[in-house]
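Nothing here was measured: the structure is a model prediction, and the numbers come from that model. By convention in this document, chain letters (A, B, ...) are assigned in the order of the sequence lines, proteins followed by strands, and residues within each chain are numbered from 1.
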Number of protein chains: 2
Amino acid sequence: MSNNQFKRGELYSFITGKASTAIARRLQKNFKQNNVDITIEQWSVLYHLWKEDGLSQQQLCDATFRDKPSITRLVDNLEKLKLVNRVASKEDRRINMIYLTKEAQELQEQTMGIANKTLNEALEGVTHGQVEIAKEVLQNVYDNLK
Amino acid sequence: MSNNQFKRGELYSFITGKASTAIARRLQKNFKQNNVDITIEQWSVLYHLWKEDGLSQQQLCDATFRDKPSITRLVDNLEKLKLVNRVASKEDRRINMIYLTKEAQELQEQTMGIANKTLNEALEGVTHGQVEIAKEVLQNVYDNLK
DNA sequence: GACATATAGTTGTTTATGCAACTATCCAAA
DNA sequence: TTTGGATAGTTGCATAAACAACTATATGTC
């Protein structure tokens with residue numbers, strides 16, 4: 001589809017991603033109200049470790065779409081919070097394997113519940129079919145650019 | 001619509017907004033390649049001033065969905081770059097009116113072209129109808145949360 | 001085995017965000 | 001006219017992102 005010409009206002013709001021900013025802020029607020037003291041960026045790292053514990057920092061880069069310095073510092077902060085541990089790989093000493101602590105494991109259920117609730121607040125009045133199409137478009141955009 | 005239950009992977013990518021991150025990065029890269037040395041955040045402020053010059057900082061907060069400290073500092077940096085000037089309002093001395101310099105006015109055409117090109121790269125293979133629905137969903141999410 | 005190259009991770013610098021606390025100005029009600 | 005609350009903007013602090021430059025380890029090739 002070659003001709004998606006945009007009018008000014010549409011273009012701008014599409015690029016700046018106000019909707020995802022708004023969801024992120026609301027999620028952070030809902031974490032705070034439930035006394036969950038982590039940032040959404042930290043949560044996004046834990047999210048992947050809950051799916052598969054013991055990922056390398058490079059795997060976390062790929063999974064979270066962040067560069068290496070970002071992951072280094074997020075893992076630094078998660079370590080300070082006693083939520084993860086760096087463990088040097090025995091096969092390849094360049095690699096740090098990141099493991100969840102017990103405390104982090106216990107955060108999963110609560111925070112996933114908050115995230116689900118937040119998303120339902122955000123999608124009030126949007127039909128399932130619309131959401132499916134929106135996700136397809138966003139995935140397509142991501143694939144085009146990555 | 002009360003029941004938009006999300007599966008894990010879907011939920012995550014919807015919240016983290018990888019697509020808008022990807023667009024933002026590509027736009028920044030395209031600016032750089034064309035020797036436009038501003039950040040996309042700075043560009044997003046200029047964008048609203050091109051539509052209407054002489055907005056107050058508070059109006060820029062509302063327009064760009066940022067808080068007051070963020071706008072204070074973006075305007076600080078735009079002033080350093082000689083792209084805007086702060087002018088104290090004569091009617092209300094609390095208010096700073098922000099005006100574009102000639103140099104900033106000249107950036108409009110070029111950067112809007114780059115932004116349009118970037119968005120077309122991003123939307124390759126997406127139909128106009130799909131884009132319309134995606135925009136509706138994102139607007140709806142924004143309205144639900146703001 | 002030695003060397004070039006690739007990969008994993010870290011550090012420094014600049015820019016930006018979110019929140020709280022602050023100053024200055026305006027305005028309305030007593 | 002004073003006083004109390006609202007509004008506009010700034011500053012300080014912590015977290016995070018992008019980019020470049022760096023160290024350490026691994027690997028493939030001669």
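If you take CG of A:L60 and P of C:dA8, they are 13 Å apart, rounded to a whole angstrom. Between the CZ atom of B:R86 and the C1' atom of D:dA8 there is a distance of 12 Å, rounded to whole Å. Straight-line distance from the CD1 atom of A:I40 to the C1' atom of C:dT17: 11 Å, rounded to whole Å. Taking atom CD on B:E41 and atom C1' on D:dA16, their separation rounds to 12 Å, with Å as the unit. Between the C1' atom of D:dT27 and the CD atom of A:E91 lies a distance of 16 Å, rounded to the nearest Å. Rounded to an integer number of Å, the gap from A:N96 CG to D:dA24 P is 15 Å. Atom CD in A:E79 sits roughly 13 Å away from atom P in C:dG9 (whole-Å rounding). For A:I98 and C:dG9, the CD1 to C1' distance is 10 Å, given to the nearest whole Å.
Counting non-hydrogen atoms under 4.0 angstrom, B:L74 reaches the backbone sugars and phosphates but no base.
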Side-chain polar contacts of residues 29-36 of chain A - donor-acceptor pairs under 3.5 angstrom, sequence neighbours left out - could you list them?
unit_1	atom_1	unit_2	atom_2	d
A:N30	ND2	A:T118	OG1	3.0
A:N30	ND2	A:E121	OE2	3.3
A:N34	ND2	A:N30	O	2.7

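Looking at which nucleotide of DNA chain D each of A:I71 and B:K68 is closest to, the 5′-most match is held by B:K68.
The phosphate of C:dA16 has OP1 or OP2 within less than 4.0 Å of a side-chain N or O from B:T39. Contact annotation: B:N77 reaches the phosphate of C:dA16 (side-chain N/O to OP1 or OP2, under 4.0 Å).
Listed by first and then second residue, the salt bridge (charged side-chain N to carboxylate O under 4.0 Å, His left out) pairs involving residues 89-98 of chain A are A:D92-A:R94 (not counting sequence neighbours). Pairs engaging residues 100-114 of chain A under the salt bridge (charged side-chain N to carboxylate O under 4.0 Å, His left out) rule: none recorded [sequence neighbours left out]. For residues 54-71 of chain B, no pair satisfies salt bridge (charged side-chain N to carboxylate O under 4.0 Å, His left out), with sequence neighbours left out.
How far NZ of A:K18 is from OH of B:Y142: 4.0 Å, rounded to the nearest 0.5 Å. How far CD1 of A:I114 is from CH2 of A:W43: 10.0 Å, rounded to the nearest 0.5 Å.
Taking the screw axis at each terminus of the helix from C:dG1-D:dC30 to C:dA30-D:dT1 from five consecutive base pairs, the angle between the two is 0° to within rounding of 10 degrees.
Crowding of A:K82 atom NZ: a count of heavy atoms from other residues, nucleotides or ligands under 6.0 Å not exceeding 12.
Taking the side chain as every heavy atom from C-beta outward, A:I23 and B:L145 approach each other to under 4.5 Å.
Distance from the side chain of A:Q58 is smallest for C:dA8 among the nucleotides C:dT10, D:dT10, C:dA8.
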Reading 5' to 3' through nucleotides 18-25 of chain C, protein heavy-atom contacts under 4.0 Å coded B for base, S for sugar-phosphate only, - for none: BBB---BB

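Side-chain N/O atoms of A:Q139 and A:D143 include a donor and acceptor closer than 3.5 Å.
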